[in-house]
Each structure stands twice: as C-alpha cells, then as structure tokens.
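Chain letters run A, B, ... following the sequence lines, proteins first and then strands; every chain starts at 1.
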Amino acid sequence: MIEFDAVHKEYPDGTVAVERFSLIVPSHRVVALVGSSGSGKTTLLRMVNRMVEPSSGTVSIDGVDVRSMDRVKLRRSIGYVLQAGGLLPHRTVADNVATVPVLEGRSRRQARADALGLLERVGLDTALADRYPAQLSGGQQQRVGVARALAADPNILLMDEPFGAVDPIVRDQLQAEMRALQADIGKTIVFVTHDIDEAFALGDEVVVLRTGAEIAQRGAPAEILANPADDFVSDFVGAGTAQRTLRIREVDGRSVVVDGDDRPTGVLER
Amino acid sequence: MNLLIEAVQWLLDPVNWQGENALGMRILEHLGFSAVVVLVAAAIGIPVGTLIGHTGRGRGAIIAITGGARALPTLGLLTIFGLWLGIGLEAPFLALLVLALPPVLAGAYAGVESVDRATVGAARAIGLTERQILTGVELPLAAPVIIGGLRSAALQVISTATLAAYISDTGLGRPLFTGMKTQQYDMMLGASILVALLALIVELCFQLVQSAATRRAEPHNGHQHRAHSGARERIAA
Ligand SMILES: Nc1ncnc2c1ncn2[C@@H]1O[C@H](COP(=O)(O)OP(=O)(O)O)[C@@H](O)[C@H]1O
Ligand SMILES: [Mg+2]
C-alpha cells in the first residue's frame, strides 16, 4: 500500500507542481493517474521512490515513511518504467534487465538466466538478449523496460507514460499484455498517463488530475464514465462525444452497438 | 629539397643513433616527458572535469579558466617559470601542463555533460548510486570525448615539448636547438621531422583507442548486420 498524505511540492523556481495531494494506492491494485501535461503526475510518481522530495506531507509504503528509508535501497525495491524504457544504450538487453540484481549481488550467470526468463515473460524472443537497445523497436524497448522493472521482483511498479512513445497499434497490444501480466503478478502499480483511454484500459481505479495534481475525480473507470463529477472531467473523458455515446441498433435480429456517428463498434452479447 | 634529403640522411646516419647523444635516447626523453605531462593533466583534469559534468556545478568557472589558459603563450610561460624555477624540468613541465589541462578538462566535462540526462535519470531511478552512475554510465558513454581531449592534449604537448630543451637540455628539442645554433640545418630539420613523426604515431594510437571506446559507447553502430536484422523484425512486428 502506498499512501500520499497531504503531499505538497514546490520546485525551487516557485512552480507548485503538487498541492496537498492525498491518496491511498491499495496493494495489488493498479491506480492510473491521468491528467494533461504539467498536471504534476511525474512529480507524484517520483516522490514515491524519492527522486523528488516533497516540500511537505509524507509518502509512505506499508505505513513506513519513505524518508526514513535509504534512497538507493528504496529505488532498488521498486520497479520503475519510463518512456522509451530509459535503457542503458551501451549495455545489452540482458545486461540491462540484470542491472539491479547484479548490483544486489546476484551472480552474472544467475542474473542472466533470470533475465532470459523475464524477457519471455514480457513477450520477447530471448534471441534479442544480446542486442543493444538501439537495435530494438520502440515496442520491444518498452517491453525490456518492463522486464527490467520486474527483475528484482519488487512489490511496487511505478510507470510513467511507458507506452507514450509507441504507435497506437503497438500501444494497444502492450496494454493488453500489461493487463495479462498484472493478472498474473498482482503488483501494486501506479500508472501515469495523459491518455484517458489508457487509464481506463489499465486502471482498477482512475484518478483524474487538474493542474497542481488536484484530484478532479477518482473511481472505477465505469463510475467515472457513468457520472463525471464536473465539466472538467466530462471534457477530459470526452463524455458526450461520438466515441462515448453508444446506442444499440437492431440488425438482422442482433443488437449492434453504434457510436454517435452511427459507426458500428461491436455486437451486444446477451 | 636538398636540405630535406640531407635531413633524412642525417636521420639515417647510424652515428646519430649511437653513443651519448643517441637519438633513441632523445626520443625516449621526449616521449617520457610528454607522457608524464599528459598523465598529470589527466589525473587532475579528468576527475575535475567529470565532477563538473556530473553535477553541472562550476561550469562557468571552468570555461573561463580553460579559455584564459588557452590564450597564454607557452613560450612566454616557459620563460616566466624558468626565471622563477631556474634550469631544469620543472619550468617546462609546468608550462606544458598549462597547455595540456584545458583540452583534458574540456573533454571530460563536455563528454560527461553530453550524456543523455534521461539515461542518467533512469539509472538513478532504478537504484544506481552516484558513483555507479559515474563509473558505469557516464564515463563509458563519455569515453570517446574524454579520450578526444587527451588526444589533443598529447599532440600539443609532443609538438611543444621541444621547448623543454630551451631550459633543460632534454628531448628532441636538444638536436633541434643545437642544429639551429650551430647552423647544422640537417640536424635541425631531422629533429623536427622526428617530432612530427612521433606526433603522427601517437595520433594514430589515440585514434585506435578512441574508436575502441566509441564502439563500446555505441555498440550498435558497429554491427551493421545485426542492426539490419533488427530493422527487419521491426517491420515484421
Ligand atoms: N525540476 C523541476 N523544476 C521546476 N519545475 C518543474 C520541475 N519538474 C516539473 N516542474 C513543473 O512542475 C509541473 C508539473 O510537472 P510534472 O510533474 O512533470 O507534470 P506531468 O508529469 O503531469 O506532465 C509543471 O509545471 C512542470 O513544468
Ligand atoms: Mg510527466
């Protein structure tokens, strides 16, 4: 469980990125923080692994204030995935995945063997293990990033717009794989994105943020869609747009779901 | 042209490679002295430059200092240090150090600074210590630029180290100045040719080391074949 308690962050230049933010991220759940660029999502995420220190308030993990933990140990115990993977360009895929386990004293052999297993786990051919990041596609790099984050078997994963740099088709695929993976591993995940569809696709709970990380609404995706709290949320989720206003049309005895422009999106199963 | 042939003849004359004034000895002196200067410049310049590149602190100061030092004429410095320290290796050592430090410092800080901050940030976020970031990420990625700084320092030192003989009678500057004073132009030119050759050889060695470092920093660029098969899969994916 991750708890943000009245967390406030003002950067040295006076920018207030986060204003008294409180939230509980329950264990084994995915909480998606969604908001437009500059709303403070990255700042929130980086306060969990102490890449950013709050100006006031506390962030705690399972009841322990992160400030009482050693930075390096804390970071090694948390998986961190960021855009384009943040991989080390001069190390092979396997070495990238094995970075933290090796630093933690695992033998290179063992760490490499584990890395191969993790690559399979995230849907990568182990033949890629000896390639360098620049030799992989964006989607492949992203998968390596996830494999690396899982390498030390952390309880917590922090993901900062991890799929933001890949094309929409690969992104959909990565999201589906992420859901399947999470069903299996059940980590506590904070997932940051500016894409509401991605937040709905991955979050057990979605937190919609305004500037200054002010919570506009939080709830299950269906709850937010059903009852947007205000105009801001309504705009943000695109309530009322053609894509979100679905109707049923009877065609040959079956119920076809169509959107606001009358374009079919699927068939209703009964 | 005649002079050039005479210089080559002087160089090839076995007499000049024997005895107390053997050229081999002068070459060793020249290289050894240059190497000490460059090593000391590296021992000071690489840690300081790396630290500045890593922390981003002291950048302005270092640019001003190295810029200023570059403008100082080595011969003038040598004279000043010579008047202060007297005959011996100390004065040329200091003068050459002032010559060698700016490129080494600049290479180290520019190299480290040029490493993608996102890569460094990611390394920190997954739990590398600052020391591990420096040795495992920044230095290997900056190595080609750092070695480039050493390379230009070494070249300048080797060509300028002839001035050492002006005060301390050592290295290839010795036959060069003797030749000049006694109007033995074959000797003077022969010694100059040797200095140029040494510089060229050292330059080649540095080139090899630098490209090895580049292959390590950007391993994918050397592997055309693999890169292509990667591209193919990307299209297939
Ligand atoms: N290191 C920093 N120094 C000053 N301002 C910053 C820094 N990092 C982020 N900010 C500012 O804080 C606000 C929130 O940034 P961020 O947390 O990155 O938002 P998001 O991830 O939602 O785009 C923005 O206005 C941004 O410009
Ligand atoms: Mg961000």
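- Considering CE of A:Met51 and CD1 of B:Ile126, their distance stands at 10.5 Å, rounded to 0.5 Å.
- Nearest heavy-atom pair across B:Gly136 and A:Arg91 is O-NH2, 3.5 Å.
- Of the atoms belonging to B:Arg216, it is backbone heavy atoms, and not side-chain ones, that fall under 4.5 Å from chain A.
- Expressed to the nearest 0.5 Å, how far CG of A:Leu87 lies from OG1 of B:Thr119 amounts to 9.0 Å.
- By the 4.5 Å heavy-atom criterion applied to side chains, B:Thr129 and A:Leu103 are not counted as neighbours.
- The local environment of NE2 in A:His8 is crowded, with over 12 non-hydrogen atoms from other residues, nucleotides or ligands closer than 6.0 Å.
- Surrounding CG of A:Asp195 are more than 12 heavy atoms belonging to other residues, nucleotides or ligands, all under 6.0 Å away.
- Other residues, nucleotides and ligands contribute only 12 or fewer heavy atoms inside 6.0 Å of the CZ atom of A:Arg108.
- In this structure, no portion of A:Ser77 lies under 4.5 Å from any heavy atom of chain B.
- In terms of non-hydrogen atom pairs under 4.5 Å with chain A, the most contact-rich of B:Ala125, B:Ala123, B:Gly121 is B:Ala125.
- With a 4.5 angstrom heavy-atom cutoff, A:Arg50 does not touch chain B via any of its atoms.
- Other residues, nucleotides and ligands place more than 12 heavy atoms under 6.0 Å from the CG atom of B:Leu204.
- Looking at A:Val72, both its backbone and its side chain come within 4.5 Å of chain B, counting heavy atoms on both sides.
- Nearest approach of A:Leu82 to B:Ala122, heavy atoms of both residues: CD2-CB, 4.0 Å.
- In this structure, the portion of B:Ala217 lying under 4.5 Å from any heavy atom of chain A is its backbone and not its side chain.
- Within 6.0 Å of CZ in B:Arg131 there are 12 or fewer heavy atoms belonging to other residues, nucleotides or ligands.
- For B:Leu141, the part lying near chain A is the side chain, with the backbone staying farther off; criterion is any non-hydrogen pair under 4.5 Å.
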